[in-house]
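Encoded as structure tokens, the structure appears first; notes follow it.
None of these values were measured; they are calculated from a predicted model. First the proteins, then the strands, lettered A, B, ... as listed; each starts at 1.
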Amino acid sequence: MYKYLIFDTETTGLNIVHDTPFLFQYGLVDANLNLVSKHYFKADDIANKQQFITYLKQINTYVGANIKFDIHMLINAGIDINIFEDKNFIDVMVLARLVVPHDKQNTRGGVFKIGLKDMAAQFLGINAKNEERKLRTELSQLTLAHKQQMKNYFIQENVWAWNNKSNTTQTKVLNEIYNNWHKHFHKYESLADARTEFLEKYPAPTYADVSNVVTYGIKDIDLTHGLFKLWYPQIVVLRQVETLKRISEATLPLIYMEREGLTIDLDKVMRDRNAILAEMERVKLFDPRTNEPLTVGQHARLKQVYEYESGMLLKSSDKASRAEILDASPTARKVDYLARLEKYLSTYVNGIIRKISPDNKIYTQYNLAGTITGRLSSDFQQFPKEAFTMETGHIIDVRSWFIVPENATYMFYFDYSQLELRLQCEWTAIVNGSPDTNLARAFYPYKCVEKNGKYYHEEDPSIEWTPTDLHSLTASNAFPTIDRNDPDWDHYRSLGKRTNFAVNYGASAPKISEALNVDMQTAQALVDGYRQAFPGVVAFGKWIGRRVYSTSSIPNLFLRRYYSTNKHQLQNWLVQGSGADLLLMKLREVYNYIKDKPHWKLLITVHDEVGFTCANIPETQLRKEVADIKQILSYRLTAVDIIADVEYTTTNWSNKEDWK
DNA sequence: AGCGAGCCGTAC
DNA sequence: GACGTACGGCTCGCTG
């Protein structure tokens with residue numbers, strides 16, 4: 001009788017492993033998508049919880065807004081994770097991405113607001129923002145009171161050393177301690193114990209302490225149902241069934257991955273933090289005109305300073321602009337260094353300290369609806385690859401902080417090789433009937449004749465096949481008079497490489513000129529060199545240009561449809577989105593493979609790579625299973641194969657090396 | 001004090 | 001209209 005179960009939780013916080021729900025809301029929905037009844041119960045209400053679990057078991061399709069988060073909360077509330085095996089997960093945020101016309105989602109410069117309240121306002125005409133505002137206002141009042149209570153506690157415990165200072169100073173100190181402890185704790189060591197004791201005795205207020213949380217929570221069931229009823233039928237109409245199913249099947253693997261977390265070498269993070277703090281203490285920034293202190297974030301003022309020191313007009317204060325006046329501007333040189341220190345301290349060091357759990361792990365959520373193409377997004381996607389050496393010689397290597405967890409021996413990284421280029425090659429084959437020759441020859445001896453185990457170009461058998469050097473090809477087309485043995489060839493090849501990337505992303509000559517800092521004539525030569533090298537890709541673009549006039553949508557290689565007429569962006573979406581859907585599909589397949597092999601655990605995924613931990617198993621078994629996973633991840637297209645390279649480490653992420 | 005836009009820097 | 005997709009931190013201006 002009930003076909004769909006909508007649920008939502010209100011929780012003590014956002015940590016997917018350590019926070020718990022205090023309120024559960026759910027709704028029962030029949031086959032006609034009508035909401036039959038709504039229910040809620042508190043965490044200690046055993047009888048109602050049992051009833052809810054019965055529904056969880058009976059009903060096969062769950063509906064939610066950011067449903068993965070609520071599944072985590074159900075697990076944290078003690079509900080058996082095995083209940084969720086083989087269920088269907090429908091997330092209204094995912095429905096939005098599949099159903100709302102993509103040109104409408106694509107507010108260039110802005111963001112498509114995908115939060116429940118925003119979508120309810122936009123698509124249901126229901127204004128639920130007031131309830132949310134009321135909730136936030138009340139919580140913020142409770143939090144302010146709690147902050148004052150903390151100060152009083154410090155005074156009472158005789159650890160508050162600022163009574164003789166101005167109110168402004170005291171407020172600043174209190175804010176640093178209360179709101180931004182993860183940034184400032186090194187300045188208040190003598191307070192650390194008292195602060196911990198206070199927070200244990202008097203925990204910070206949460207949504208649980210707010211008066212309207214039940215009405216707020218139950219309203220979310222209505223909003224979620226409203227969007228579900230509006231959009232779910234459209235999934236069939238708009239031919240997104242396969243994609244919704246693929247996303248649903250990737251949901252539980254991602255939940256397991258998210259719960260694994262990343263293990264941090266906190267001691268090393270702290271050592272690096274101290275090194276950065278000391279260096280930032282040494283290198284201070286001042287406005288040369290006034291001697292006032294400056295921070296690297298004051299872009300507008302810094303731009304004035306750069307112009308003052310160099311006598312040149314700049315269009316920005318960013319790294320590229322600084323590069324133009326580096327010799328003339330001491331401040332620009334200082335900012336180059338200081339901005340990097342600041343970035344590493346704020347975003348990586350303090351960011352990890354803010355997020356780290358008592359188990360020395362950091363957790364994240366992979367957003368299934370974060371991108372227009374279908375890529376996952378997460379805050380694990382931008383940890384710097386390169387180490388950076390400070391002027392003191394101290395090396396900051398962010399990826400070295402991520403270590404093999406205690407219950408494992410290895411971390412493995414399966415990284416798709418040239419994923420998007422291969423997908424682009426496949427597209428050229430699909431739309432032109434045969435793949436772009438030079439692109440295909442980068443991957444295999446396409447249109448070659450075999451002789452004695454060697455391959456020779458079909459059109460000129462005197463040329464032996466070697467994988468196309470795509471970047472040199474563009475460069476030699478653009479600069480036909482420059483020989484590959486020229487001492488400056490590396491420079492020209494680098495221009496070719498950057499052009500290939502930029503043009504694949506849709507750049508034309510003006511942007512090439514700007515980005516590569518070459519004149520328009522050179523930029524045009526590079527673009528022409530690209531087009532001469534890859535005529536199949538050019539034809540792919542033209543094909544899209546025709547298709548947008550004849551159909552309302554174009555499917556990617558895994559049948560996710562993009563409802564758009566934007567030829568320029570579609571050319572990228574079809575490639576990037578195909579990679580995204582391949583990854584979603586493969587996450588499920590490797591999940592199925594390791595299901596009966598608990599020594600393997602999903603660890604991380606970033607667009608074209610999947611990471612695992614593995615316990616200490618016999619070498620022959622390990623070799624076989626790594627080969628199996630590599631095989632599962634590979635995918636045979638019509639024109640080219642998608643394959644994964646394998647790397648591993650027994651120490652930390654930075655030390656990973658090729659698996660042989 | 002809270003919020004949002006804009007800027008910058010990091011990833012694939 | 002034209003270098004794609006993201007996320008996080010900081011500053012600044014606006015609002016109440």
Please work out if [X] contacts a base, only the sugar-phosphate, or nothing of the nucleic acid, heavy-atom cut-off 4.0 Å.
X	result
A/L419	nothing
A/F501	nothing
A/R133	nothing

Could you walk me through whether A/H146 and A/Y178 pass the ring-ring contact (aromatic ring centres under 6.0 Å, His included) test, one step at a time? CA-CA 9 Å; A/H146 186 247; A/Y178 189 88; 5.5 Å; yes
Whole angstrom is fine here: how far is it from CD in A/Q105 over to C1' in C/dT5?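 One finds 13 Å between C1' of C/dT5 and CD of A/Q105, rounded.
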CH2-CZ distance between A/W573 and A/R560, expressed to the nearest 0.5 angstrom: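 Here the rounded value is 12.0 Å.
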Phosphate OP1/OP2 of [N] contacted by [X] side-chain N/O (<4.0 Å):
X	N	answer
A/K319	B/dT10	yes
A/S508	C/dC3	yes
A/Q571	C/dC3	no
A/S377	C/dT5	no
A/S316	B/dC7	no
A/K567	C/dG1	no
A/R354	C/dG8	no
A/W573	C/dT5	yes
A/Q298	C/dC12	yes
A/T373	C/dT5	no

Parallel under 30°, tilted from 30 to 60°, perpendicular over 60°: which one fits the rings of A/F402 and A/W653?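 A/F402 and A/W653: perpendicular rings.
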Given DNA chain C, 5'-ward residue of the pair A/H182 and A/R97, judged by closest heavy atom: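 Result of the comparison: A/R97.
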Test item: side-chain donor near acceptor, A/N127 and A/K117, under 3.5 Å: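 There is no such pair (donor and acceptor under 3.5 Å, judged by atom type) between the side chains of A/N127 and A/K117.
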Scan side-chain atoms only and decide if A/N655 and A/R399 contain a donor-acceptor pair under the 3.5 Å cut-off.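 Side chains of A/N655 and A/R399: no pair found under 3.5 Å.
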